[in-house]
Amino acid sequence: MALKAAHMSSSSYHDALHRKYQSGSSTLIDEVKSIRLANPDYGYRTVTLALKNKGISVNHKAVLRIMRENNLLCQAFNHRTKNITLIKELLVQLPITV
């Protein structure tokens, strides 16, 4: 009855009961934060390599997700929109000669 109200099949319900959902490991999050604080220009790829050098085996997608959720992504090399905006402003300021 409750499954019909939730529009859920019984197989999905029983699968959800036995599935172990991954939660972010607090030690891994602390390690990522410490690496980013020590090296502010490190992106998720370099952080992944630093973790592997410390002996922590972790997938780069997991590191990217942790860095997104904790607002730790590197912004050092994100200059494209800034440059495009600057170029557009300079083009508007140029005098038009015919």
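Just so you know, residue 1 is the first one in the sequence shown, and it goes up from there.
The heavy-atom pair separating Leu72 from Val32 by the smallest distance is CD1-CG1, 4.0 Å. Nearest heavy atom pair, residue Cys74 against residue Gly43, reads CB-CA, 4.0 Å. Tyr44 approaches Val63 most closely through the heavy-atom pair O-CG1, 3.8 Å. Here the closest non-hydrogen pair linking Arg36 and Asp41 is NH1-N, 3.8 Å. Of all non-hydrogen atoms in Asn70 and Ile66, the two that sit nearest each other are ND2-O, 2.8 Å.
Side chains of Lys54 and Ile35 form a contact here, defined as non-hydrogen atoms less than 4.5 Å apart. The shortest side-chain heavy-atom distance between Leu51 and Leu28 falls under the 4.5 Å cut-off. Side-chain contact between His60 and Arg45 is absent, with no heavy-atom pair separated by less than 4.5 Å.
Once rounded to the nearest 0.5 Å, the distance linking CE of Met8 with NE2 of His14 reads 10.0 Å. Ser10 OG to Asp15 CG: the interatomic distance, rounded to the nearest 0.5 Å, is 11.0 Å. Atom CG of Leu64 sits about 6.0 Å away from atom CG of Leu73, to the nearest 0.5 Å.
Under the side chain to side chain donor-acceptor pair (under 3.5 Å) criterion, Lys61 pairs with no residue at all, not counting sequence neighbours.
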